[in-house]
Amino acid sequence: MPTPYNAATQDALLGRSTPNPVYRRIAAVILLLLMAVVVFFATGLRTVGGLTNNVTISNIVISASIEDPTATALANAMLSDIRGHIPPHEYAAFDAHHDLFVTTILATAKDPATQAIIRGDVREAFILLDTGKNGTVDFTPLLRQFTSALHQADAAFPNNPDLIAPKAVLTLKPNGTSYPIGSSLLTTGWILTVLSVLGAFLTARFLVRNPKRQLWAFGVAVGAPGLFAVGVSYNLTHASFSLSKIKEDLARTTLTNLIHSVAHAYETSGLILIAIAVLGVGLWLGIRLVRQRTTPPTPTI
């Protein structure tokens, strides 16, 4: 009868030293946990890096302002802010033109001139962050695009951007600190992802002896951070209540849409990790099965 395979016995016959199983298991657990943490950290870098560039942010804002249901929500939020800055005796006339104003706002958002201003404002903010210079971004010209269009739709509507948001100026104070945003974070995130996935594979392959546990170790080390990222996405999607302190409806709705965009990006990054884990385990198992079928049986002496 053939002798069952035993890794420790084979190592002893070949004169190789066998590490203490307890120490090996502890090392495997620690390294796999470390790889999982690095994978999740890299996921955050990839997510933030993919979003934090002026082109992506501009596209998010523009898409939200021209595509329903977010476009209509933003238009209604803008009208709600305007209504809060007009005298009460004008409410009836203002409400009577509500549908006209919504249509006007949506048309203005699709105007190439409006979109050019949005891209310019976002680009200016990113330049300040990238160079570390203190400065301001004045959104008044952007707001004037809408109040001017509303004034043309209804002559009784004053062309005053303060009706939407008084002192619409964003102050940025990097104080000489240049923030590494955009492509640098994205590249770093992908490098760390590749290295940590490879590290999880090597740890599972050489520190975990049981073949089934090897697959589980690799799958959990890579897939669990993906599930956690999906959980972060869910929490961000339902975190709108934290913006309740923002009084302006337009600002609150805009930030909510941006947060949802970040949540969607986190969900995508998490699903990518889960796909890597599933494909990695499937490929590893497939190679193992092929080897078992092609390897001739060891003759019995």
Side-chain angles (χ1 to χ4, degrees), residues 51-126 137-170 236-241 243-244 246-265 267-268:
L51 289 174
T52 52
N53 62 78
N54 68 81
V55 175
T56 301
I57 295 296
S58 298
N59 290 338
I60 291 174
V61 174
I62 291 173
S63 296
S65 64
I66 64 177
E67 297 177 3
D68 278 328
T70 56
T72 301
L74 287 171
N76 285 321
M78 181 181 293
L79 292 176
S80 176
D81 288 336
I82 292 173
R83 195 177 190 273
H85 292 94
I86 63 175
H89 67 272
E90 296 182 6
Y91 285 170
F94 181 84
D95 293 339
H97 292 84
H98 182 272
D99 291 342
L100 173 62
F101 289 156
V102 169
T103 302
T104 301
I105 291 172
L106 295 179
T108 304
K110 296 178 180 179
D111 187 346
T114 303
Q115 296 181 9
I117 295 176
I118 292 175
R119 296 186 189 280
D121 288 344
V122 174
R123 182 170 57 252
E124 186 176 350
F126 272 86
V137 181
D138 188 1
F139 295 105
T140 302
L142 174 61
L143 299 183
R144 192 177 297 278
Q145 284 285 113
F146 292 96
T147 56
S148 176
L150 292 171
H151 178 71
Q152 292 179 10
D154 181 3
F157 187 96
N159 186 9
N160 182 7
D162 289 344
L163 291 175
I164 301 177
K167 299 179 180 179
V169 177
L170 174 65
L236 287 175
T237 303
H238 295 81
S240 300
F241 64 88
L243 302 176
S244 58
I246 300 178
K247 297 180 180 180
E248 293 79 10
D249 287 345
L250 179 59
R252 185 170 59 252
T253 304
T254 302
L255 286 176
T256 299
N257 288 327
L258 287 175
I259 289 175
H260 288 176
S261 297
V262 174
H264 178 70
E267 181 181 19
T268 301

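All residue numbers in this chain count up from 1 along the given sequence.
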Fill in: Partners meeting side chain to side chain donor-acceptor pair (under 3.5 Å) with Thr147 (sequence neighbours left out)
Asn159

Discussion item. Just so I know, are the side chains of Ile82 and Phe157 near enough to count as touching, which here means a heavy-atom distance under 4.5 Å?
Written reply: yes

Worksheet entry | Contacts of Asp68 that satisfy side chain to side chain contact (heavy atoms under 4.5 Å, CB included) - sequence neighbours left out | Ala71, Thr72

Worksheet item: Where is the tightest heavy-atom contact between Ser261 and Ile60, given as atom of each residue plus distance?
Response: OG-CG2, 3.3 Å

Item to complete: Could I get the full list of salt bridge (Lys or Arg N to Asp or Glu O under 4.0 Å) partners for Asp138, not counting sequence neighbours?
Response: none

Discussion item. I need the Leu236 CG to Leu258 CG distance, nearest 0.5 Å.
Written reply: 12.0 Å

Worksheet entry | Contacts of type side chain to side chain donor-acceptor pair (under 3.5 Å), residue Glu267, not counting sequence neighbours | none

Worksheet item: Which heavy atom in Ala64 sits nearest to a heavy atom in Thr70, and how many Å separate them?
Response: O-OG1, 2.8 Å

Response to the item:
Across all chains, not counting sequence neighbours, the side chain to side chain donor-acceptor pair (under 3.5 Å) partners of Thr108 are none

Item to complete: Sequence neighbours left out, what pairs pass salt bridge (charged side-chain N to carboxylate O under 4.0 Å, His left out) with at least one residue falling in residues 92-104?
Response: Arg83-Asp95

Response to the item:
So the salt bridge (charged side-chain N to carboxylate O under 4.0 Å, His left out) pairs with at least one residue in residues 139-166 (sequence neighbours excluded) are none

Worksheet item: By side chain to side chain contact (heavy atoms under 4.5 Å, CB included), which residues pair with Thr103, not counting sequence neighbours?
Response: none

Worksheet item: Passes side-chain contact (heavy atoms from CB on, under 4.5 Å), Leu163 versus Leu150? Steps please.
Response: CA-CA 12 Å; Leu163 291 175; Leu150 292 171; over 6 Å; no

Worksheet item: Is the shortest heavy-atom distance from the side chain of Ile66 to the side chain of Gln115 under 4.5 Å?
Response: yes

Worksheet item: Minimum heavy-atom separation for Thr104 to Ala153, with atom names?
Response: OG1-CB, 3.6 Å

Practice prompt. Can you see which heavy atom on Asp81 is nearest to which on His85, and at what distance?
Written response: O-ND1, 2.7 Å

Practice prompt. Identify, with sequence neighbours excluded, every residue that meets side chain to side chain donor-acceptor pair (under 3.5 Å) alongside Ser148.
Written response: none

Practice prompt. Heavy atoms only: give me the nearest Thr114-Ala109 pair and the separation to one decimal.
Written response: CG2-CA, 4.3 Å

Practice prompt. Could you name each residue pair satisfying salt bridge (charged side-chain N to carboxylate O under 4.0 Å, His left out) that touches residues 102-121, not counting sequence neighbours?
Written response: none

Worksheet item: What residues, two or more places apart in sequence or in another chain, satisfy side chain to side chain contact (heavy atoms under 4.5 Å, CB included) together with Ala73?
Response: Thr253

Item to complete: Quick one: list whatever passes side chain to side chain contact (heavy atoms under 4.5 Å, CB included) with His98, sequence neighbours left out.
Response: Asn76, Leu79, Val102

Discussion item. Give me the atom names and distance for the closest heavy-atom approach of Ile105 to Met78.
Written reply: CD1-SD, 3.7 Å

Worksheet item: Quick one: CG on Asn257 to CD on Glu67, what's the gap to the nearest 0.5 Å?
Response: 11.0 Å

